[in-house]
Visitor: 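Pasting in a structure now, in structure tokens, and then I'll have a few things to ask.
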Amino acid sequence: MGIVSAPEREFDVVVWGATGFAGRLTAQYLLERYGTSLRWALGGRNRAKLEAVREAISVETGVDASGLPLVVGDAADAASMRALAERTRVACTTVGPYALYGAELVAACAAAGTHYCDLTGEVFWMGRMIDAHQDKAQASGARIVHTCGFDCIPADLGVFFLQREMQARHGVPGTRVKLRVAGFSGGMSGGTAATGINMFDEQSRNPEVRRRNEDPYAINPTDRRSGPDGPDSFRPAWDADFEQWTGPFIMANVDTRVVRRSNALLDHAYGADFCYDEAMLMGSGPVGFAKATGLATALRVGMAAMTIGPLRRAAAARMPAPGAGPSKQARETGYWDVRLLAEHPSDPSNNLRVRLTGDRDPGYGSTAKMLAESAICLARDPLASRGGLHTPASAMGDALLERLLQNAGVTAEIEDG
Ligand SMILES: NC(=O)c1ccc[n+]([C@@H]2O[C@H](COP(=O)([O-])OP(=O)(O)OC[C@H]3O[C@@H](n4cnc5c(N)ncnc54)[C@H](OP(=O)(O)O)[C@@H]3O)[C@@H](O)[C@H]2O)c1
């Protein structure tokens, strides 16, 4: 594969949406870790708000950010997004819901050969972006990488890492990988709530959105949009490998699609018949069963309620407002812990496991570090991938994994299975 390097630009990275909850944390991390050794800028729609963020992150980190440039633009305006894309090697965006505000920036980056990373978990919107911009991004060399936060880096790079270890130790990939969430602690921001509500709004207006969200291979390339996996399970189940009851994991809908797209983009490095699923570990015995059943029921009822307009409006009114999110203490005492198991095709004694952990809450403290390292990786690392609409694993693979292990509080431990 040819090596595509980002073009010379005024900036290495623009954090677009730096005034939002996730954007500000991403900017703060970049300032703390990379300071002024990076050519970067804060971007958003409101200059006064950007100035206030620049001052606040200076105070928070103790690093003088007064010289940090500000880029003001309009997410809905194609010319404004083109101007932004042409000034930077990487656009790192937290302006969401992406389905409402994200399309012009993706189009601009694909056209300008500008690398791009975001935090979307909106499967139908990723499908739209792939359909609309894949050819342009391939031609320009832009690597467009969605889902660079807790959605879906632990799953996507976890499978990538585990399958590479399977190949190295046993000469074959696992035929099936399962991810089990052992625990996490954290909260939700207003932007995430708005994004969830908007997804249900879109589904209620357009049956094609629901169909795409439910398709297990929804974002695979069109000629590889089938495989052995079926719909996500919402049932409690006993997992003999982990000796615990499991319940549905709310992010499986996104993670599984991204992992399957990675397999397709990596020329089926995990195998053409590769199976992948996710669930939450809920404990053993009657208590574990009761918790798994409770979670499955709550999720089914909650999802059904969200399809009803007035209930959705009532839920939205009780959720955090845009710009709000979990406290500093909740982020710093937060964590996540996921386990993956790869099944050897013929000999279960060669199964392999990996445990991945993060040292901050998944959605914000840890996500900000993962997104920022993705942006730096796209700007600086000599990657072998070509331009196109990617997953974290297909665009950055080992280079990003290495960064996360070294800089971002992520650990990965392999165990025999
Ligand atoms: N995948 C993951 O793991 C993960 C984790 C966290 C967040 N997220 C996603 O990240 C997104 C942001 O979340 P958040 O909590 O940071 O949201 P937020 O606090 O509401 O911030 C949204 C940002 O978008 C900006 N914005 C909104 N409309 C705009 C427009 N028309 N033009 C320009 N900028 C506009 C806001 O600017 P103003 O400040 O001027 O209003 C703000 O900077 C959401 O889609 C969320 O679902 C994903």
Side-chain angles (χ1 to χ4, degrees), residues 14-29 42-54 56 70-78 80-81 83-84 91-105 108 117-126 145-157 181 184 186-200 202 249-255 257-258 316 319-326 331 334 336 338 358 360-372 374 391-392 408:
V14 172
V15 179
W16 174 239
T19 56
F21 193 76
R24 175 178 162 153
L25 293 174
T26 304
Q28 193 170 307
Y29 174 80
L42 304 177
R45 59 178 165 176
N46 180 324
R47 178 171 295 278
K49 244 176 139 174
L50 285 169
E51 283 167 359
V53 166
R54 182 170 60 184
L70 307 178
V71 174
V72 180
D74 177 351
D77 178 42
S80 170
M81 291 299 95
L84 188 160
C92 169
T93 171
T94 58
V95 172
Y98 293 89
L100 292 179
Y101 311 128
E104 293 297 350
L105 182 57
C117 51
D118 73 19
L119 292 179
T120 185
E122 298 143 284
V123 170
F124 69 96
W125 182 72
M126 285 189 256
V145 195
H146 299 303
T147 66
C148 291
F150 186 65
D151 249 6
C152 302
I153 281 181
D156 196 32
L157 288 189
V181 180
F184 67 87
M188 181 169 68
S189 72
T192 298
T195 302
I197 295 287
N198 182 61
M199 196 190 72
F200 283 100
E202 297 246 9
F249 179 43
I250 194 159
M251 280 160 36
N253 171 268
V254 190
D255 284 343
R257 275 59 172 172
V258 168
M319 289 176 177
R331 297 194 307 269
W336 52 268
V338 301
R360 292 283 186 275
D361 75 303
Y364 304 94
S366 204
T367 281
K369 296 198 270 188
M370 292 191 264
L371 178 65
S374 300
T391 62

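For this chain, numbers begin at 1 and follow the sequence in order. Just follow the structure's listing: the first ligand is 1, and inside any ligand the first atom is 1.
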Visitor: State, yes or no, whether a side-chain contact exists between E202 and W125 at a heavy-atom distance under 4.5 Å.
Guide: no

Visitor: In chain order, what residues pass the side-chain contact (heavy atoms from CB on, under 4.5 Å) check against M251, with sequence neighbours excluded?
Guide: F150, D151, F249, D255

Visitor: Using side chain to side chain donor-acceptor pair (under 3.5 Å) as the criterion, list what pairs up with Y98, not counting sequence neighbours.
Guide: none

Visitor: Judged by modelled atom types alone, do T26 and Y364 share a side-chain donor-acceptor pair under 3.5 Å?
Guide: no

Visitor: Under 3.5 Å, side chain of T367 to main-chain N/O of P362, donor-acceptor pair present?
Guide: yes

Visitor: Kindly tell me which protein residues have any non-hydrogen atom under 4.0 angstrom away from an atom of ligand 1, grouped by chain and ordered by number?
Guide: W16, G17, T19, G20, F21, A22, R45, K49, A75, T94, V95, G96, P97, Y98, Y101, L119, G149, F150, D151, S189, G191, T192, T195, P322, G323, G363, Y364, T367

Visitor: Suppose we screen for side chain to side chain donor-acceptor pair (under 3.5 Å). Which residues come up paired with W336, at least two apart in sequence or across chains?
Guide: S366

